[in-house]
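As a basis for the values below, the full set of heavy atoms in this structure was taken, side chains included, without hydrogen atoms, waters or symmetry mates. The model shown is predicted, which means the values in this text are computed figures rather than measured ones.
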Amino acid sequence: MADPACAATNVVILTTFGLDEYVFGALRAGAVGFLLKDTPPEELLRAVRVAAAGDALLSPSVTRRLVEVFATLPDPSRLGSGTSPIDLTDRENDVLRLVTAGLSNVEIADRLGIGPATVKTYVSRLLAKVGVAERIHLVIYAYESGLVTRS
């Protein structure tokens, strides 16, 4: 039986250093959030709430760099179906685009006029359709498949 003291904890990293190796190391270690110390206090509170709800949140600059790094990897077949686009509904495309913008489930729900639980369902479906386990992989898939482009 698992020790309750060892229960999973959702960790948000707050750091001065947004270096790629720190970001990648934190994510590999299981962090669900990575923010720079110049993040406004209200965003820090939002990040804690997002992490407590079981979602992930990255600083927009960190998300952008992760996408840039992963977009240059030579083997995109590591992610589910590779680079061939999958069949998504219009609403799934809407949710995917907002996930790639770094929005939380609550923010996506507000933008689309639906409930956070519904957004969570859409994100779960997207994860299953793409064949990945993490939101960041949805972002990578969206860029590699051309569903979302850099602006």
Student: Between A51 and V12, which heavy-atom pair has the shortest distance, and what is it?
Tutor: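 Distance-wise, the nearest heavy atoms are CB-CG2, 3.5 Å.
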Student: Search all heavy atoms of R135 against all heavy atoms of L127 and return the closest pair with its distance.
Tutor: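 Between these two residues, the closest heavy atoms are N-CD2, 4.1 Å.
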Student: Hey, which of V123, I136, V119, D94 is the one that makes side chain to side chain contact (heavy atoms under 4.5 Å, CB included) with V99?
Tutor: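 Of all the options given, the one that passes is V123.
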Student: Any idea which heavy atoms bring D87 and K129 closest together, and the distance?
Tutor: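 Result for this residue pair: O-NZ, 3.1 Å.
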Student: Using the rule that Ile, Leu, Val, Met, Phe, Trp and Tyr join whenever any side-chain heavy atoms are under 4.5 Å apart, tell me whether L57 and V132 fall into a single cluster.
Tutor: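 L57 and V132: separate clusters.
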Student: Is any side-chain heavy atom of L103 less than 4.5 Å from a side-chain heavy atom of R111?
Tutor: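 Touching, per the 4.5 Å side-chain cut-off.
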Student: First locate atom CG of N105, then atom CG of D55, and finally report the distance between them rounded to the nearest 0.5 Å.
Tutor: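 These two atoms lie 4.0 Å from each other.
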Student: Walk me through it: do T89 and R125 pass the test side-chain contact (heavy atoms from CB on, under 4.5 Å)?
Tutor: CA-CA 11 Å; T89 67; R125 283 189 205 156; over 6 Å; no
Student: What's the separation between atom CD1 in I13 and atom OG in S59, rounded to the nearest 0.5 Å?
Tutor: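 One gets 13.5 Å once the value is rounded to the nearest 0.5 Å.
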Student: Please find the pair of heavy atoms, one from L96 and one from L88, that lie closest to each other, and give the distance.
Tutor: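 Closest approach of L96 to L88, heavy atoms only: CD2-CD1, 3.9 Å.
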Student: Once rounded to the nearest 0.5 Å, what's the spacing between atom CD of E92 and atom CG of L138?
Tutor: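 E92 atom CD to L138 atom CG measures 10.5 Å (nearest 0.5 Å).
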Student: Under 3.5 Å, which donor-acceptor pairs do the side chains of residues 30-50 form with other protein atoms, sequence neighbours left out?
Tutor:
from, atom 1, to, atom 2, distance (Å)
T39, OG1, L36, O, 2.5
E43, OE1, R46, NE, 3.1
E43, OE1, R46, NH2, 2.7
R46, NE, E107, OE2, 3.3
R46, NH1, E107, OE1, 2.6
R46, NH1, E107, OE2, 2.9

Student: Working to the nearest 0.5 angstrom, can you tell me the gap between T121 OG1 and R91 CZ?
Tutor: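 T121 OG1 to R91 CZ: 13.0 Å, rounded to 0.5 Å.
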Student: Can you tell if the side chain of Y122 reaches within under 4.5 Å of the side chain of I114, non-hydrogen atoms only?
Tutor: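 Yes - at least one pair of side-chain heavy atoms lies under 4.5 Å apart.
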Student: On a heavy-atom basis, which atom in P116 and which in A109 lie closest, and how many Å separate them?
Tutor: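 Shortest heavy-atom contact: N-CB, 3.6 Å.
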